[in-house]
Amino acid sequence: MKASPLVGTGLVLALAASLAAAAGESSWRMKADYVEACSCHLFCQCYFNKHAEHPMCEFNMAVTVREGHSGNVDLANAKYWLTGDIGDKWGTEKKGAWVVVSFDPKTTKEQRDALAPIILKTYGLEWVELKVQEAPIEVRQSGDVVEAKLADGTEAYLKLRRERGADGKGVVLKNVKYFNAVQNDGFQLYRSMEHRADLEGHQFSYSDRNAFLITIVSEEPKGQ
């Protein structure tokens with residue numbers, strides 16, 4: 001199934017302009033479940049340093065909003081997917097190399113417009129290249145294995161296996177900040193069996209690299 005670019009919806013403009021919105025116009029809060037993998041070896045050095053393991057950190061993130069709101073818009077059950085590369089200047093100049101934001105077709109226009117500033121502010125980066133498209137998102141878990149597909153896996157695909165600790169149970173990394181999120185419940189460490197993307201002129205493929213599941217809270221109280 002081919003993903004469809006969003007043309008004429010104004011969403012690219014909303015993403016670009018949302019950071020300049022007047023403070024206090026509305027408050028938002030989002031609690032979301034992430035399935036994430038990147039090109040760094042486990043555990044991603046970006047969370048402890050200003051540079052990735054390599055000059056790039058190529059990632060896929062499949063996101064399902066558990067609960068949330070932005071003004072009057074209910075964000076629950078919205079789905080989006082981020083594919084990109086934060087590059088080598090994200091930690092020193094707050095600039096990311098490129099990102100493609102994919103919204104699931106069931107995510108409404110109101111939810112997409114409301115999520116635009118939340119996505120940008122959660123990461124706090126200026127993107128050299130930013131594109132938006134629409135494509136179906138599917139996430140499923142069976143035991144220690146999680147699969148996530150964008151456009152039935154033709155645009156991007158994740159297959160991750162839980163990393164087991166000394167007691168045979170999963171490893172959870174606590175007390176580590178997730179970008180600009182105000183709260184998280186810990187990084188459930190996984191390892192990529194397959195992690196790839198082929199969309200918007202960008203391709204990559206990795207295995208045996210960093211991956212995790214995490215639930216974050218991102219918010220902006222009214223008046224800020």
Side-chain angles (χ1 to χ4, degrees), residues 32-64 80-102 119-131 137 139 141 144-150 153 155-166 169-181 183-216 218:
D33 299 321
Y34 275 65
V35 177
E36 185 166 338
C38 73
S39 55
C40 295
H41 285 88
L42 202 158
F43 180 70
C44 180
Q45 296 184 27
C46 300
Y47 291 94
F48 296 97
N49 302 280
K50 292 185 177 181
H51 296 278
E53 178 182 8
H54 307 289
M56 77 293 186
C57 182
E58 295 177 315
F59 59 83
N60 275 309
M61 307 176 186
V63 186
T64 303
Y80 61 91
W81 185 298
L82 306 180
T83 301
D85 175 13
I86 61 174
D88 60 357
K89 297 181 180 179
W90 68 271
T92 55
E93 299 180 20
K94 297 298 182 183
K95 290 184 178 180
W98 63 272
V99 66
V100 178
V101 183
S102 303
I119 293 170
L120 284 178
K121 291 183 179 182
T122 296
Y123 296 96
L125 300 177
E126 176 186 347
W127 296 95
V128 175
E129 177 186 332
L130 186 155
K131 296 181 180 180
I137 296 169
V139 178
Q141 182 165 8
D144 288 341
V145 176
V146 176
E147 279 189 283
K149 299 177 182 180
L150 181 67
E155 300 286 333
Y157 177 72
L158 293 172
K159 187 173 184 179
L160 316 176
R161 184 181 298 277
R162 188 191 305 272
E163 189 73 5
R164 292 181 176 271
K169 299 178 181 179
V171 179
V172 181
L173 184 62
K174 297 276 192 176
N175 198 30
V176 176
K177 188 173 177 63
Y178 184 91
F179 290 92
N180 291 336
Q183 179 185 328
N184 71 73
D185 63 357
F187 294 74
Q188 301 177 49
L189 300 192
Y190 280 66
R191 193 180 297 267
S192 63
M193 303 167 69
E194 189 173 357
H195 160 47
R196 56 177 167 81
D198 183 0
L199 76 170
E200 298 292 331
H202 298 284
Q203 300 84 30
F204 58 76
S205 180
Y206 299 96
S207 63
D208 196 29
R209 300 295 178 94
N210 174 70
F212 57 83
L213 271 58
I214 192 170
T215 299
I216 72 163
S218 186

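If you read the sequence from its start, that first residue is 1, and numbering goes on from there. The shown structure was predicted, so the numbers you read here are calculated from the model rather than taken from an experiment.
- Residues Val99 and Ile119 have side chains not in contact (no heavy-atom distance under 4.5 Å, counting atoms from C-beta outward).
- Taking CZ of Arg161 as the reference point, atom CE of Met193 lies at 4.0 Å (rounded to 0.5 Å).
- The side-chain heavy atoms of Asp85 and His202, taken from C-beta on, include no pair separated by under 4.5 Å.
- Between the OG1 atom in Thr83 and the CE atom in Met61 there is a gap of 9.0 Å [rounded to 0.5 Å].
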So Ile86 and Tyr123, side-chain contact (heavy atoms from CB on, under 4.5 Å) or not? Walk me through it.
-> CA-CA 10 Å; Ile86 61 174; Tyr123 296 96; over 6 Å; no
Review item, side-chain donor-acceptor pairs of residues 42-54, under 3.5 Å, at least two apart:
from: Asn49; atom 1: ND2; to: Gln45; atom 2: O; distance (Å): 3.1
from: His51; atom 1: ND1; to: Asp88; atom 2: O; distance (Å): 3.4
from: Glu53; atom 1: OE1; to: His41; atom 2: N; distance (Å): 2.6
from: Glu53; atom 1: OE1; to: His41; atom 2: ND1; distance (Å): 3.2
from: Glu53; atom 1: OE2; to: His41; atom 2: ND1; distance (Å): 3.0

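- Distance check: Arg209 CZ to Leu160 CG gives 14.0 Å after rounding to the nearest 0.5 Å.
- Rounding to the nearest 0.5 Å gives a distance of 7.0 Å between CD of Gln188 and OG1 of Thr215.
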side-chain contact (heavy atoms from CB on, under 4.5 Å) evaluation trace for Leu150 with Asn60 | CA-CA 10 Å; Leu150 181 67; Asn60 275 309; 5.9 Å; no
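- Remark: of the listed residues Tyr190, Phe204, Phe59, Phe204 is the sole one forming a ring pair (Phe, Tyr, Trp, His ring centres under 6.0 Å) with His195.
- A salt bridge is absent between Lys149 and Glu147: the closest approach of a Lys/Arg side-chain nitrogen to an acidic carboxylate oxygen does not fall below 4.0 angstrom.
- The 12-atom threshold is exceeded at NZ of Lys177, counting heavy atoms of other residues, nucleotides or ligands nearer than 6.0 Å.
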